[in-house]
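Written out below as structure tokens is the structure these notes cover.
Position 1 is the first residue of the sequence; numbering continues from there.
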Amino acid sequence: MSEAYKTAERQGTGPSGATGVDRFFRITERGSTFGREIRGGFATFFTMAYILVLNPLILGGAKDKFGEQLDPVQLTTATALVAAVMTIIMGVGGNLPLALAAGLGLNAVVAFQLAPLMSWDDAMGLIVLEGLLICVLVVTGLREAVMHAIPQQLKQAISVGIGLFIALIGFVDAGFVTRIPDAANTTVPVQLGSTGTLAGWPMLVFCVGVLLTVGLLARKVRGAILVSIVTMTVVALVVNAVADVETWGLTTPEWPDKIVDAPDFGLLGQFSLFGAFGQVGVVTVVLLVFTLILSDFFDTMGTVVGVSAEAGLLDEDGKVPGLGKVLLIDGAAAVAGGAASASSATSYIESAAGVGEGARTGFANLVTGSLFGLALFLTPLLTIVPLQAAAPALVAVGFLMMTQVKHIEWDRYEIAIPAFLTIVVMPFTYSITNGIGAGFLAYVLIKTVLGRAKEVHWLLWGTSALFLVYFAIDPIEQLLGV
């Protein structure tokens, strides 16, 4: 923390001679400059702009219960709009260099867990409901109760499981892993490629993309994921022009007739707040919303603390200044994401890239948000990216989330077994909810068997009871004749 910042904190005012914008964002107080804030804003955008490609691919590639799909162009517009607006609001209201956009992992829950059970409108309504509940938790101070209910290592296991799930989605979307047709009469459910081997130009693009992405990450290249997506998209464009490619899947890499186009806001407001209750029932809705809150709420806490610590903004007690306001804005971002059909928006750990460039205030968010706003008019250019060029990013993000596995004490069975079940059940059942439920139930059971049931928070007991009903819903319905 700079001397100017410490002095200003004692005096309660900004340094003399500072401009109005400087004083509002406390740029000089925090030892920063306009130049550093601008560079930081650009760095953050270029390290997280991949979401403009991945979010439409993840959501646009899934079908709801009625076989409907969301339009990729409209999804790109919604993703850019929510990121632009909420990032700027966080900058002005929270004064932290913390950008927001549709959360990876959260959009996977929407696409592969919620949508198959209900309509898209109902699924996005649950996202809005989740965001509203997070806001209530923040306002009432219940966030501490929820935070303390879940053991830290179980939270980390949830992130690891989501990471593996995202990586699996990447492999499947690219065609690297495919389901073996039932007609094959084999007990092996999946295979390499479509025939047990890797074949075709699109698969080569994916494999090279994975190698490029991990190589850039290993070299700690800033914006590695975005660089890989852009590079492999260019390669895919060339390949598609010179080679005879039968199919690329969802998106064919062809240069559009125009690069700039007016945004399509067709998805805004397309949500039903309570429609899901009629589709899947109260118990399932409660469990799904709780899963969303867990994924969103705890990821945000870790991101906010991590970025603030990196920027040297934590106070003497290690607390984030204005944390309640920051969390409230993050909850509002979830509401905005659902209302725009862009999935839940949340704080991005990639904001640390901006901090690395010198950003210390919310002014950097004005730059990042403005760049997302500019992207609203470039949707034709952003929708030429094939799955094979973007899917390596999912594998890379899966790896990054997987690194948290090192914090789990694997020699303590009381936490290791629940963590293991949480991690493996998610990708193996293609369900984040199932993984969290398995982990919670195992944790409560093992603590009880060891005679330490009193160590389990009552909120965890209640949630586990809901998960028990969730897993046993079929025999319960038969028993009740429902």
Non-hydrogen atoms of [X] and [Y] that approach each other most closely:
X	Y	value
Thr361	Asn95	CB-OD1, 3.6 Å
Ala99	Thr44	CB-CG2, 3.7 Å
Ala84	Gly373	CB-N, 3.6 Å
Gly131	Val335	C-CG2, 3.5 Å
Ser343	Asn55	CB-OD1, 4.4 Å
Val425	Ala438	CG2-CB, 4.0 Å

Item to check | Leu106 and Val110: CA distance, side-chain angles, deciding distance, side chain to side chain contact (heavy atoms under 4.5 Å, CB included) verdict | outcome: CA-CA 6 Å; Leu106 291 169; Val110 175; 5.8 Å; no

Can you tell me how far the [atom1] atom of [X] sits from the [atom2] atom of [Y], to the nearest 0.5 Å?
X	Y	atom1	atom2	value
Thr178	Leu192	OG1	CG	8.0 Å
Leu59	Gln74	CG	CD	12.5 Å
Gln156	Ile150	CD	CD1	13.0 Å
Asp173	Leu54	CG	CG	10.0 Å
Tyr430	Phe165	OH	CZ	5.5 Å
Met86	Leu98	CE	CG	11.0 Å

Checklist entry - Looking at Val109, Ile127, Val82, which one forms a side-chain contact (heavy atoms from CB on, under 4.5 Å) with Ser344? => result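 Of Val109, Ile127, Val82, side-chain contact (heavy atoms from CB on, under 4.5 Å) with Ser344 is met by Ile127 alone.
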
Item to check | Stepwise side chain to side chain donor-acceptor pair (under 3.5 Å) check, Thr303 with Ser347 | outcome: CA-CA 7 Å; Thr303 299; Ser347 303; over 6 Å; no

In terms of heavy-atom contacts, does [atom1] of [X] have more than 12 from other residues, nucleotides or ligands at under 6.0 Å?
X	atom1	result
Asp411	CG	yes
Phe399	CZ	no
Phe428	CZ	no
Phe34	CZ	yes

Checklist entry - side chain to side chain donor-acceptor pair (under 3.5 Å) between Glu68 and Ser119: does it pass, once the steps are laid out? => result CA-CA 8 Å; Glu68 298 294 329; Ser119 70; over 6 Å; no

I'd like to check [X] versus [Y] (side-chain heavy atoms, cut-off strictly below 4.5 Å). Are they in contact?
X	Y	result
Cys207	Leu198	yes
Thr368	Phe42	no
Pro256	Ile384	yes
Ile51	Asn107	yes
Trp410	Phe420	yes
Gln279	Lys65	yes
Thr79	Phe372	no
Leu154	Phe440	yes

With a 3.5 Å distance limit and no angle check, can you tell me whether [X] reaches the backbone of [Y] through a side-chain donor-acceptor pair?
X	Y	result
Gln69	Gly60	yes
Glu37	Ile27	no
Asn365	Ile88	no
Asp64	Trp120	yes
Arg30	Arg360	yes
Gln388	Trp248	yes

Item to check | Audit row: Thr213, Val395, side chain to side chain contact (heavy atoms under 4.5 Å, CB included) steps and yes/no | outcome: CA-CA 9 Å; Thr213 306; Val395 178; over 6 Å; no

Next on the checklist: Under a 3.5 Å cutoff, is there a donor and acceptor pairing between the side chains of Gln270 and Ser341?
Outcome noted: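 Checked: Gln270/Ser341 side chains show no N/O donor-acceptor pair below 3.5 Å.
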
Checklist entry - Would you say the side-chain atoms of Thr77 and Asp264 include a donor-acceptor pair closer than 3.5 Å? => result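 There is no such pair between these side chains.
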
Next on the checklist: Check the orientation of Tyr348 and Tyr50. Use parallel for under 30°, tilted for 30 to 60°, and perpendicular for over 60°.
Outcome noted: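 Tyr348 vs Tyr50 ring planes: tilted.
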
Item to check | Parallel, tilted or perpendicular, as decided by the 30° and 60° cut-offs, for the rings of Phe206 and Phe171 | outcome: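 The arrangement is perpendicular - the two ring planes meet at more than 60°.
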
Checklist entry - Yes or no on side chain to side chain contact (heavy atoms under 4.5 Å, CB included) for Leu394 and Ile58, after CA distance, side-chain angles and deciding distance? => result CA-CA 10 Å; Leu394 296 177; Ile58 291 174; 3.9 Å; yes

Checklist entry - Stepwise, does the side chain to side chain contact (heavy atoms under 4.5 Å, CB included) test hold for Asp122 with Val280? => result CA-CA 10 Å; Asp122 296 338; Val280 297; over 6 Å; no

